[in-house]
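Input: a single structure, listed below in structure tokens.
The chains referred to below are lettered A, B, ... by the order of the sequence lines, with proteins before strands, and numbering in each begins at 1.
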Amino acid sequence: MKEKIVKLLEESTARCVTEGLFEVKNLPFIELEATRDAAHGDYATNVAMVIASQAKKNPRVIAQAIVGKLIDDGLLLNKVEIAGPGFINFFIREDNWRSPLKEIDRLKDRYGALDFGAGKKVQVEFVSANPTGPLHIGHARGAVTGDVIANILKASGHDVSKEYYINDVGNQMRTLGRSVYLRYLEIQGKAIEFPPDHYQGDYISELAREILSKDGDRYCGKSEDEVLPFFTAWGAGSILEGIKDDLGSFGVFFDCYFSEGELYKDDGVMKLLDRLRQQGSVYREGDTLWFRSTAFGDEKDRVVIRDTGTPTYFAADIAYHKNKFDRGFDIVIDVWGADHHGYVPRLKASIEALGGNKDALKIVLVQLVSLLRDGKPVAMSTRAGEYVTLRQVIDEVGRDAARYNFLMRRSDSQLDFDLELAKRQSNENPVYYVQYAHARIASITRMAAERGMEIPGGDEAELALLTLPEEIQLIKSVIRYPEIVEGAAKALEPHRVTFYLNELAGIFHSYYNKNRVIADDPALSRARLFLVNSVGHVLRNALGILGVSAPEKM
RNA sequence: GGGCGGUUAGCUCAGUAGGAUAGAGCGUUGGUCUCCGGAACCAAAGGUCCUGGGUUCGAGCCCCAGAUCGCCCGCCA
């Protein structure tokens, strides 16, 4: 609908220019927005005012010219008005709203699937928590955000791969292995001193017990250097399996788990740094190697090889992102905790230094979550091993409510997650509001079937019978869905889908309360069944993108 | 000290490329139940869009200065 009017406007303005009614250097992007106030029609454009400043003419005169050259051979419009300082308001002929409904019925679960991303390979990397402990609630928001961004991009035609980066190299891994090893000794009654900077959680002791019951005391009496690699590898592997299980319960699945260790094979990282050094982007100072990120807009240069000879995390990350682009991704999206924002310039700098396009890397920052219970903060301390795990959240509030709650804010705004509120099945909890709308529609369909009424196909339903203002409003809302998907995909903003769902469910509930779908008039009932069934499709498709179930009954 | 993000109704937050009279949910108050599912609906009250300048036909949105809150500023990851 929107595109059709934009097209009319483009043709009309072009005609005005050719006929010399006004002059513009280059035609502006035509902005057409759905009006808030019905008195202003269905859509409005400010294009006349935008042109006016260029053409140095009165905007209303410009508007007059554009309207005069409009050719609406498709009988789309009922009325066109010029209003206020120079808005052009479009009133759509009512029957034009109804036919797009048939599209929903025809496409069903594919309605809202777009193709503007066709041919583009996209990678979304998210979670990527170190395998040193179970996922906690902070990871949960990133997990949902990344997952839903991937779904949205898929829905808009992109070829999407979801990836989890495993930091299995470095100090933290060694600390993990040592933590397990010390607990292993401790269980056997050996005197140990457990350092405060080691992992304190109970799961460490559990891992140690598993090893003991599996392998007995065979690791005792050997040097740390000898046994630590085993404890590290076994611990990390075991924890990663747990992470995968938890993510699975949360409805999050990855296409690829990428190990940091991969990057070091065949001296990969060193070779890459040599290459950068040859082109002058990396330089040596004493025993330290620096990346010249200031040459690409960063505040200061960054160390890539310490004076101890070991590479930094950043060194591996340069190689990792090069690897991503080498794998043929056109767009690479990283979902990060907002506390990493300072890291963005240096990473983009590294892409530029390697001759890549820094805009092909998009960073989505996810703000931290404060966990509440009945409005009171829940104490969380990673060091003490005291935190609410993702597993506990799923078990307590359920997957649907948890996911939906994380999607109710834009990802870069802080979020309070209240455990009691999230599991409360009341009107304070919007998940159920939307799911209830879907269950209601399913219920209507069941009732209709009991009375021997089938949902009509698009050609059978007499859509012209849908004349009530609230019916037109419902239709307008439901056919807007593809625009929502498109906007969410371009902005990488999952919350737009959530807000849309709340609005659509609201309009439906209101309609339902005021009017009977299964009425006395069979033809009208069929038309309304068709409408309501379309709403059901859209609710289901949108909930599907969020990874939230659409129940038939509640 | 520097940087990033925020500040919109009592609370939690939207506000789509700078558009017309700034929205939603919750909460509050008052209504709707002979009827397809009341986890619903209807209505009302509620605003210095942090402050002060600027840009223009027009600013919650853009620019400058300030206030305030959070985060970051490691050869940790």
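For the pair A:Tyr500 OH and B:A24 P, the computed distance is 18 Å after rounding to whole Å. Going from atom CG of A:Asn502 over to atom P of B:C13 covers 16 Å, rounded to whole Å. In this structure, the CD1 atom of A:Ile30 is 20 Å from the P atom of B:U16, given to the nearest Å. A:Glu503 has its CD atom 12 Å from the C1' atom of B:U16, to the nearest Å. At whole-Å resolution of the value, OH in A:Tyr512 and P in B:A40 are 13 Å apart. Remark: C1' of B:G25 and CG of A:Leu421 are 11 Å apart, rounded to the nearest angstrom. What separates CD of A:Glu31 from P of B:A20 is a distance of 11 Å, to the nearest Å. At whole-Å resolution of the value, CG in A:Leu474 and C1' in B:C41 are 15 Å apart.
With RNA chain B read from its 5' end, the first of the two nearest nucleotides for A:Met49 and A:Ala34 is the one closest to A:Ala34. When each of A:Asp416 and A:Ile518 is assigned the nucleotide of RNA chain B with its nearest heavy atom, A:Asp416 is the one assigned upstream, toward the 5' end.
With ring centers used as reference points, A:Tyr164 lies 6.0 Å or more from A:Phe126.
Contact annotation for A:Ala44: base contact, defined as any heavy-atom pair under 4.0 Å involving a base atom. Using a 4.0 Å heavy-atom cutoff across all strands shown, A:Ala39 reaches no nucleic acid atom at all. The residue A:Lys514 sits apart from the nucleic acid: no heavy atom pair falls under 4.0 Å. Counting any heavy atom pair closer than 4.0 Å across all strands shown, A:Met447 reaches sugar-phosphate atoms only and no base atom. Within the nucleic acid shown, A:Asn515 comes within 4.0 Å of at least one base atom, counting heavy atoms only.
In this structure, the side chains of A:Leu263 and A:Phe258 come closer than 4.5 Å at one or more pairs of heavy atoms.
Atom C1' of B:C49 sits at a distance of 9 Å from the matching atom of B:U7, rounded to the whole Å. A distance of about 11 Å separates the C1' atoms of B:G60 and B:G18, rounded to the whole Å. Between the P atoms of B:U21 and B:C61, the separation comes to 16 Å (whole Å). For the P atoms, the distance from B:G3 to B:C63 is 15 Å, rounded to whole Å. Distance check on atom C1': B:G46 versus B:A40 gives 24 Å, rounded to whole Å. Nucleotides B:U8 and B:U48 place their C1' atoms 12 Å apart, quoted to the nearest Å. Look at the C1' atom in both B:A45 and B:C26: the space between them is 15 Å, to the nearest Å. When the P atom is used for both B:A24 and B:G38, the distance is 24 Å, rounded to whole Å.
B:A43 is paired with B:U29 under the criterion used here, namely a Watson-Crick or G-U wobble arrangement in which both key atom distances are under 3.5 Å. For B:G1, the paired nucleotide is B:C73, the pair qualifying as Watson-Crick or G-U wobble because both relevant distances are below 3.5 Å. When both distances must be under 3.5 Å, the Watson-Crick or G-U wobble mate of B:U51 is B:A65. With both pairing distances under 3.5 Å, B:A24 is matched to B:U12 as a Watson-Crick or G-U wobble pair. Nucleotide B:G38 forms no Watson-Crick or G-U wobble pair with any nucleotide shown, as no partner meets the under 3.5 Å limit on both distances.
A cation-pi geometry, defined here as NZ or CZ lying under 6.0 Å from the six-membered ring centre and within 45° of its normal, does not hold between A:Lys57 and A:Phe22.
Residue side chain A:Asn89 reaches the base of B:A20 through a donor-acceptor N/O pair under 3.5 Å, judged by distance alone. For a distance-only test at 3.5 Å, the side chain of A:Asn46 qualifies as a donor-acceptor partner of the base of B:G19.
Salt bridge annotation for A:Glu10-A:Lys7: absent, with no cationic side-chain nitrogen under 4.0 angstrom from a carboxylate oxygen. The pair A:Arg292-A:Asp298 does not count as a salt bridge, with every side-chain nitrogen at least 4.0 angstrom from each carboxylate oxygen. Under 4.0 Å is where a charged nitrogen must lie from a carboxylate oxygen, and between A:Glu163 and A:Lys324 no such pair does.
Distances shown here put a side-chain N or O of A:Arg440 below 4.0 Å from the OP1 or OP2 atom of B:G38. Here A:Tyr433 reaches the OP1 or OP2 of B:C41: one of its side-chain N or O atoms lies under 4.0 Å away. Side-chain N/O atoms of A:Arg410 include one lying less than 4.0 angstrom from OP1 or OP2 on B:G15. Between A:His495 and the phosphate of B:G15, there is a side-chain N or O to OP1/OP2 separation shorter than 4.0 Å. When the side-chain nitrogen and oxygen atoms of A:Ser413 are compared with OP1 and OP2 of B:A14, one or more of them lie within a distance under 4.0 Å.
Of the listed nucleotides (B:A39, B:G19, B:C36), B:A39 has the atom at the smallest distance from the side chain of A:Tyr432. Here the side chain of A:Glu33 is nearest to one of B:U12, B:U16, B:G37, namely B:U16.
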**Request:** Let me see the working for A:Glu450 and A:Arg446 under salt bridge (charged side-chain N to carboxylate O under 4.0 Å, His left out), right down to the final yes or no.
**Result:** CA-CA 6 Å; A:Glu450 274 175 34; A:Arg446 283 193 298 273; over 6 Å; no

**Request:** List the steps, then state whether side chain to side chain contact (heavy atoms under 4.5 Å, CB included) holds for A:Ile88 with A:Glu81.
**Result:** CA-CA 6 Å; A:Ile88 306 175; A:Glu81 272 180 3; over 6 Å; no

**Request:** Report the C-alpha distance between A:His438 and A:Glu552 in whole Å, list the side-chain angles of each, state the deciding distance to 0.1 Å, and finish with yes or no for side chain to side chain contact (heavy atoms under 4.5 Å, CB included).
**Result:** CA-CA 7 Å; A:His438 184 267; A:Glu552 302 285 309; 3.6 Å; yes

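A:Phe296 and A:Phe291 have parallel rings, their planes meeting at less than 30° on a 0 to 90° scale where 60° marks the start of perpendicular.
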**Item:** Per-nucleotide protein contact string for nucleotides 69-77 of chain B, where B marks a base within reach and S marks sugar-phosphate only (heavy atoms under 4.0 Å, - for neither)
**Value:** -SBS--BSB

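A stacking contact between A:Phe499 and B:A24 is absent: the pair does not combine a ring-centre distance of less than 5.5 Å to the base's six-membered ring with planes differing by less than 30°.
The only member of A:Lys476, A:Lys514, A:Arg528 that meets salt bridge (charged side-chain N to carboxylate O under 4.0 Å, His left out) when paired with A:Glu471 is A:Arg528.
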